[in-house]
Number of protein chains: 2
Amino acid sequence: MTTPPPGLRERKKQATREALRAAALRLAMEHGLDRVRVEDIADAAGVSPRTYNNYFASREQAIVSAVTADREARIAAAVAARPAGVRLADAVTEAVVEQYTDAGEGGHEALLFITTRPALRHAFLDSTAGIEPPLTAVIAERLDDTGAHTARVLAASVASAVRIALEGWLRPAGAAAGADAGGLVVPSGSLPDQLRAALLPLAPAFDAAERRIQG
Amino acid sequence: MTTPPPGLRERKKQATREALRAAALRLAMEHGLDRVRVEDIADAAGVSPRTYNNYFASREQAIVSAVTADREARIAAAVAARPAGVRLADAVTEAVVEQYTDAGEGGHEALLFITTRPALRHAFLDSTAGIEPPLTAVIAERLDDTGAHTARVLAASVASAVRIALEGWLRPAGAAAGADAGGLVVPSGSLPDQLRAALLPLAPAFDAAERRIQG
DNA sequence: CCGCAAACTTGCGTGCACGCAAGTTTCCTG
DNA sequence: CAGGAAACTTGCGTGCACGCAAGTTTGCGG
């Protein structure tokens, strides 16, 4: 259903995309973010600059995607993998925490690099929006189809919460706190803690949605 | 506290910004979106193209902001205006519906124009993110400071829900439905209905947050 | 009323995103 | 195994975003 043998075209495309990702990240880390032109990346991947742009709409996207590429699919899979018995809220929370705590192979240096440059950090935070579609799919599955876009709203909310958690986690390294002006400031714990804390307020919404179909 | 008489500088800045907004929208509607160059807009507003770019990071942003400019502040104000007794979820929902149904003075033609061109529609949908900061502020006020970023998460979720509602509302005019592949499709009712429907799943989260501080 | 510091505007230069219209490769069907 | 359609790549051209380093305006003590 999902994999009618990929075919040469598709394989080549993925290879090119991957080559571009890798080249973008490597060159940026080697020579410094602003000393890498699109031409260099395309060159290193063996394609024309114009083709590079058929795959990525910006340098930041290419670089960041080297790290965030398949988180989307992984998260959805991780949710789907939880037994059907557990609370949806818990399934989602744990799946998210799980996927954001390993950070992949040599991804740690890369992640440091990315979260350290403002432009890349921004792109990185934006990439959380990418988990929305697959999350929508798995959530919709568990909810059957109660109320049509309930699943979309919940998935989008999760994506937002993750973004906020990441922002909070990066706060120390971050620059402007903005017009928050609350009262006390939390000392920004570990990433898993931040994620759980950010997702906690959404749990009641998940519970209610789940209750609606299963009593 | 909020308005120590604005001063000449600030007034000039707002005037310029407004002139740019207006020029951008007017020219785009008169001559067609892609027959308006940045130079024309800057020119019509009486500033250099470089200055235009100090105010807006893209043509789309300038045009769309002519319509969405103060929705952000209005929504926050509308929430704050509701009596303290009502359910937070209701206050927010009604405030949002209220602010998205009038659409401003001659804004109807403009809105049609915007939602009709893909690039502008995208920018328009993205602009919903702008309601997040002010919403965070008012929500945080009602919640005191239970759990620090609860307010941020809820505000961000509302913004997402609004975005989704708008997307649903524009669906008929929209192009690609994406990989939704659910089952049945809803015939996309009126905008207020869409908004209420999208915000409904979040109500339990608001209730829980409210309960947490007031019993 | 002066003059300085901070804010804002502007011209210039660089690299970039992306539409378009060939050229090339993959895929499918007879 | 043709042969043509569909997908993908590429060069070119245009307009754009934005850093930088003057020039100009506003605001604020003295």
Side-chain angles (χ1 to χ4, degrees), chain A residues 3-21 23-25 27-28 31-65 117-123 126-127 175-176, chain B residues 3-21 23-25 27-28 31-65 117-123 126-127 175-176:
Chain A
T3 331
L8 178 54
R9 252 237 238 310
E10 199 56 26
R11 248 161 328 120
K12 259 192 171 176
K13 247 175 64 170
Q14 291 309 334
T16 301
R17 170 174 271 104
E18 196 51 41
L20 284 170
R21 274 200 244 273
L25 179 59
L27 291 177
H31 304 307
L33 177 55
D34 37 1
R35 249 173 291 181
V36 175
R37 290 187 301 275
V38 159
E39 192 191 341
D40 305 327
I41 300 175
D43 214 36
V47 295
S48 79
R50 187 59 185 85
T51 290
Y52 151 88
N53 252 11
N54 288 342
Y55 284 87
F56 299 101
S58 77
R59 237 170 43 264
E60 291 72 31
Q61 219 175 94
I63 296 173
V64 164
S65 88
R117 329 292 138 146
L120 293 182
R121 190 172 54 224
H122 191 100
D126 276 356
S127 79
Chain B
T3 333
L8 178 56
R9 246 231 251 295
E10 198 56 27
R11 254 170 313 128
K12 261 192 170 176
K13 248 175 63 171
Q14 291 310 333
T16 301
R17 172 173 270 105
E18 195 51 41
L20 284 170
R21 273 199 245 274
L25 179 60
L27 291 177
H31 305 307
L33 177 55
D34 38 359
R35 250 172 291 180
V36 176
R37 289 187 302 273
V38 159
E39 191 190 341
D40 305 327
I41 300 176
D43 214 37
V47 295
S48 79
R50 187 61 184 82
T51 291
Y52 151 88
N53 252 4
N54 288 343
Y55 284 86
F56 298 101
S58 77
R59 240 171 40 264
E60 290 72 32
Q61 217 175 96
I63 296 173
V64 164
S65 89
R117 329 291 138 150
L120 294 181
R121 189 171 55 221
H122 192 99
D126 277 354
S127 79

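Note on naming: letters A, B, ... go to the chains in the order of the sequence lines (proteins, then strands), and numbering restarts at 1 for each one.
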Starting at atom [atom1] of [X], determine the distance to atom [atom2] of [N], rounded to an integer number of angstrom.
{"X": "B/E39", "N": "D/dT14", "atom1": "CD", "atom2": "P", "value": "15 Å"}
{"X": "B/N54", "N": "D/dC18", "atom1": "CG", "atom2": "P", "value": "10 Å"}
{"X": "B/H122", "N": "C/dA17", "atom1": "NE2", "atom2": "P", "value": "16 Å"}
{"X": "A/D40", "N": "C/dT14", "atom1": "CG", "atom2": "C1'", "value": "14 Å"}
{"X": "A/E60", "N": "C/dC16", "atom1": "CD", "atom2": "C1'", "value": "10 Å"}
{"X": "B/I41", "N": "D/dG15", "atom1": "CD1", "atom2": "P", "value": "14 Å"}
{"X": "B/L20", "N": "C/dC8", "atom1": "CG", "atom2": "P", "value": "15 Å"}
{"X": "A/D34", "N": "C/dG13", "atom1": "CG", "atom2": "P", "value": "21 Å"}

Separation between [atom1] of [X] and [atom2] of [Y], rounded to the nearest 0.5 Å:
{"X": "B/T16", "Y": "B/K12", "atom1": "OG1", "atom2": "NZ", "value": "8.0 Å"}
{"X": "B/E18", "Y": "B/K13", "atom1": "CD", "atom2": "NZ", "value": "14.5 Å"}
{"X": "A/R17", "Y": "A/S65", "atom1": "CZ", "atom2": "OG", "value": "8.0 Å"}
{"X": "B/Y52", "Y": "B/R59", "atom1": "OH", "atom2": "CZ", "value": "7.0 Å"}
{"X": "B/L120", "Y": "B/L33", "atom1": "CG", "atom2": "CG", "value": "5.0 Å"}

Listed pairs under 3.5 Å, donor-acceptor, residues 34-44 of chain A side chains, sequence neighbours left out:
from	atom 1	to	atom 2	distance (Å)
A/D40	OD2	A/R37	N	2.9

Q: Give the angle between the helix axes at the two ends of the helix from C/dC1-D/dG30 to C/dG30-D/dC1, taking five base pairs at each end and rounding to 10°.
A: 30°
Q. With the sugar-phosphate defined as primed atoms, P, OP1 and OP2, and the base as all remaining atoms, what B/S/- string results for nucleotides 19-28 of chain C, 5' to 3', for protein heavy atoms under 4.0 Å?
A. BB----BBS-
**Q.** Shortest non-hydrogen separation from B/R21 to B/F56 and the atoms involved
**A.** CG-CZ, 3.9 Å
Nucleotide nearest [X] when distance is taken to its side chain, options [options]:
{"X": "B/V38", "options": "C/dT10, D/dC16, D/dT10", "answer": "D/dC16"}
{"X": "A/R59", "options": "C/dC16, D/dG11, D/dC16", "answer": "C/dC16"}
{"X": "B/V47", "options": "D/dT9, C/dT10, D/dC18", "answer": "C/dT10"}
{"X": "A/T16", "options": "C/dC16, D/dA17, D/dT9", "answer": "D/dT9"}

Would you say a side-chain N or O of [X] is under 4.0 Å from OP1 or OP2 of [N]?
{"X": "B/N53", "N": "D/dC18", "value": "no"}
{"X": "A/K13", "N": "D/dA7", "value": "no"}
{"X": "B/Y55", "N": "C/dC8", "value": "no"}
{"X": "A/S48", "N": "D/dT10", "value": "yes"}

Q) Hey, are the side chains of B/R50 and B/N53 touching, using non-hydrogen atoms and a 4.5 Å cut-off? A) yes
**Q.** Sub-4.5 Å side-chain heavy-atom contact between B/N54 and B/V47
**A.** no
